[in-house]
Protein chains: 4
Amino acid sequence: MPTKKKPQVTPTPERRRELLATAAEVFAAQGYNATTVRRIADEAGMLAGSLYYHFDSKESMVDEILSTFLDELWQGYDEVLAAGLGPRETVEALVTESFREIDRHRPAVAIYQKESQHLATQPRFAYLADSQTRFEKAWLGTLERGVADGVFRDDLDIRLTYRFVRDTVWVAASWYRPGGQHSPEEIARQYLSMVLDGIAPRT
Amino acid sequence: MPTKKKPQVTPTPERRRELLATAAEVFAAQGYNATTVRRIADEAGMLAGSLYYHFDSKESMVDEILSTFLDELWQGYDEVLAAGLGPRETVEALVTESFREIDRHRPAVAIYQKESQHLATQPRFAYLADSQTRFEKAWLGTLERGVADGVFRDDLDIRLTYRFVRDTVWVAASWYRPGGQHSPEEIARQYLSMVLDGIAPRT
Amino acid sequence: MPTKKKPQVTPTPERRRELLATAAEVFAAQGYNATTVRRIADEAGMLAGSLYYHFDSKESMVDEILSTFLDELWQGYDEVLAAGLGPRETVEALVTESFREIDRHRPAVAIYQKESQHLATQPRFAYLADSQTRFEKAWLGTLERGVADGVFRDDLDIRLTYRFVRDTVWVAASWYRPGGQHSPEEIARQYLSMVLDGIAPRT
Amino acid sequence: MPTKKKPQVTPTPERRRELLATAAEVFAAQGYNATTVRRIADEAGMLAGSLYYHFDSKESMVDEILSTFLDELWQGYDEVLAAGLGPRETVEALVTESFREIDRHRPAVAIYQKESQHLATQPRFAYLADSQTRFEKAWLGTLERGVADGVFRDDLDIRLTYRFVRDTVWVAASWYRPGGQHSPEEIARQYLSMVLDGIAPRT
DNA sequence: CATGAATGAGATTTCATTCAT
DNA sequence: TATGAATGAAATCTCATTCAT
């Protein structure tokens, strides 16, 4: 993450997005609390105080990063959930969608992973807990339908399964680098294969 | 995590362990950077300054928490790795051992998850990176052996598999609560079942 | 004090006066230090930076507000003092003149009340202290003449009386609202009646 | 207001009071907004940050200064109002009490004068407006009783009279210096004499 | 004339740490 | 061992001011 030195300035709503992208990158790399606004400003090629022309506070930066990400995530998820797919296809679509989001919002996802528990205690970030709840509902419902339909095993604790699948997917954000050798779809395919069929060979 | 008010003082090495347990709990809940030493002191029923009789610094607290945990972890792992088991049995034993460690050191594991990447940049915490390397070697080796032996699938990217298994196990620390309805062995059993055989029923 | 949104621009000396009036209003309401130039700009329907086309600095705004007010005040006072009236008539004329100034320059008077002591420490605002001195001279002189002539009581500490009359009149700026039910002349009449004859009925 | 250099430290609740006294002095002299916490700390012989061991914020300092003052003020006022005095005696007692408060809490009174309007807009300082209301009720009631009883003139606007008396008394805080040549009781006596009988001699 | 973006100085606040008692 | 009070460094934030467009 070398310091960028681009004195050529881009127009206005663009600039905001650029700055948020920079901030997200640093937050993801160092952790929210360990990141100073000065560091973000350095990275953006301006002085710390100048950031406050664009944002109210450091907090409002994470806020915007996380809520933008969640808005997009739910747009994708809602489409999948509304498509009337079977449980297995729903799981496949959700996982694929998740890896696409990781691909597009990797820093945001990483921040979400590391900081959401901690941030959610503040009223301002209540939407994080809300999202968590919705998430759980969507996944648990799908898994239950799948067990009923016989496309998922019925000998597993369903909440354990939920956590297994959820964590399995999202922690990928901690190591995923966009532009790597695998596309998000390819990673999703392999993950799904492991999650659905296991790493032991089917006889 | 209610505030303890015990003016009766326990002998010194005991006290130290108590304080570290308290600190670990708070670090895990709030994150290392977001935790003030005052908060730890509050929780321990003393004033911030008093902690410095017991510890050199806040850093030395995490240090001791993490290194104690890793020492124990590797004791367990090394035993497994030295036992001359087959790859599948090794995986089973490592996962089971991991859930036992989560059971005994949940806060430490949670801290490790959240902070190790960030802390590892400091020389003092070089052992975190070392451990990471050893860890990777142990798991990758086992998986490769397993593929060679035909007990693990050969159509998967092996690094992806490694990350999948590693993350899958350790993130459990973020939701695991000791004394819950499942013992660590039971959770390990179910996780292994999912990881090895998948969540789709074997025909 | 509603936000004005007039993009139609008035010629330049007019505009200047408008902006000063706006600034004075805000300074009076919030206090000089607590007023940000952004707030003034908001109120004037422009951006903070744009004010600097019209004025050198925030300081120069108060400066102009206060000196304009004091110039007018002394014009009125000097006329009264030069008129060769008796001490009682002088007091009546000065008080009436004062309430007229409050009527026309209420925000300026309020600012003067609240900030002059503090501002007077800066060389730029030396004229505030000068005015204070002239003011004191005029009033004390008039009161002394009145005592000598027997039209004011001689059993009172004359400096106390001075402060009493001075404060009594000027603090009115803190509650006076132009266009209220009493004209400045009517308020002056009642104030004079209280100051000269007291609030207890004359037997 | 010279910098005090007393390294000898006084015990604990005492220290708090000392610091508040120092802060009040500076706030009164410079205005709340124009006062930096560094300035207060300098005056107290410590570093700016050290003040935060004793107080949450600069705001909480004024808060404590003002509320302490108002509590004491109302203790005195309530005693007077409960004493069942006639209207004229009540006025005399209230004015005397007021000058005593000015004597004991001069900086607090000065701060109250200058900043209360501005501070009262914040929820935290709602009690300032409450006090204002109570104050008005007490004075207006007394004045009305007096008019009805014939001990005060009936040809004056009563609200004007109220403001006249109120301001007249409290602005004294801006020039009063404890330990001056007049005791608070003596000042109260002269003020009352002016307010009740006017500055023109009774024939 | 006004905007949008930034600067730079300084203000408040936080917090790990120290130390005399 | 613990307390109470402070230090000192750094972090967040504020704001008057500048300037190219």
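Please read these numbers as outputs of a predicted model, since none were measured by experiment. Both backbone and side-chain heavy atoms feed into the values below; hydrogens, waters and symmetry mates do not.
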*Would a 4.5 Å heavy-atom cut-off, applied to side chains only, mark Leu119(C) and Leu66(C) as touching?*
yes
*State, yes or no, whether a side-chain contact exists between Glu59(C) and Tyr32(C) at a heavy-atom distance under 4.5 Å.*
yes
Measure from [atom1] on [X] to [atom2] on [N] and round the result to the nearest Å.
{"X": "Leu19(C)", "N": "dA2(E)", "atom1": "CG", "atom2": "C1'", "value": "12 Å"}
{"X": "Asp42(A)", "N": "dA10(F)", "atom1": "CG", "atom2": "P", "value": "14 Å"}
{"X": "Arg16(B)", "N": "dA2(F)", "atom1": "CZ", "atom2": "P", "value": "13 Å"}
{"X": "Leu47(D)", "N": "dA11(E)", "atom1": "CG", "atom2": "P", "value": "15 Å"}
{"X": "Leu51(C)", "N": "dT18(F)", "atom1": "CG", "atom2": "C1'", "value": "14 Å"}
{"X": "Phe55(B)", "N": "dT17(E)", "atom1": "CZ", "atom2": "C1'", "value": "15 Å"}

OP1 or OP2 of [N] sitting under 4.0 Å from any side-chain N/O of [X]?
{"X": "Arg15(B)", "N": "dA2(F)", "answer": "yes"}
{"X": "His54(A)", "N": "dA6(E)", "answer": "yes"}
{"X": "Tyr53(D)", "N": "dA6(F)", "answer": "no"}

_Asp63(C)-Tyr127(C) side chain donor-acceptor pair, cut-off 3.5 Å_ = yes
*Listed once per pair and sorted, the side-chain hydrogen bond (donor to acceptor under 3.5 Å, both in side chains) pairs that draw on residues 45-55 of chain C, sequence neighbours left out*: none
*asked:* Considering only residues two or more places apart or on different chains, which pairs with a residue in residues 45-57 of chain A satisfy salt bridge (charged side-chain N to carboxylate O under 4.0 Å, His left out)?
replied: none
*List the steps and the verdict of side-chain hydrogen bond (donor to acceptor under 3.5 Å, both in side chains) for His118(C) and Gln30(D).*
CA-CA 6 Å; His118(C) 171 234; Gln30(D) 324 239 320; 5.6 Å; no
*I would like to know whether Glu115(B) and Lys114(A) meet salt bridge (charged side-chain N to carboxylate O under 4.0 Å, His left out); could you show each step before the answer?*
CA-CA 9 Å; Glu115(B) 318 286 354; Lys114(A) 253 196 271 198; over 6 Å; no
Protein N or O to nucleotides 12-14 of chain E N or O, pairs below 3.5 Å:
unit_1	atom_1	unit_2	atom_2	d
dT12(E)	OP1	Thr35(D)	O	3.3
dT12(E)	OP1	Val37(D)	N	3.4
dT12(E)	OP1	Lys58(D)	NZ	3.1
dT12(E)	OP2	Val37(D)	N	2.8
dT13(E)	OP2	Tyr52(D)	OH	2.4
dT13(E)	OP2	Lys58(D)	N	3.0
dT13(E)	O5'	Tyr52(D)	OH	3.3

*Measure from the side chain of Met46(C), starting at C-beta and using heavy atoms only, and say which of dT7(E), dT3(F), dA2(E) lies closest.*
dA2(E)
*Secondary structure of DNA chain F in dot-bracket form (Watson-Crick or G-U wobble, distances below 3.5 Å, | marking inter-strand pairs)*: .||||||||||||||||||||
_Partners passing side-chain contact (heavy atoms from CB on, under 4.5 Å) against Arg38(D) (at least two apart in sequence or in another chain)_ = Thr36(D), Asp42(D), Ala48(D)
*Any residue meeting salt bridge (Lys or Arg N to Asp or Glu O under 4.0 Å) with Glu64(A), in chain and number order, not counting sequence neighbours*: Arg16(A)
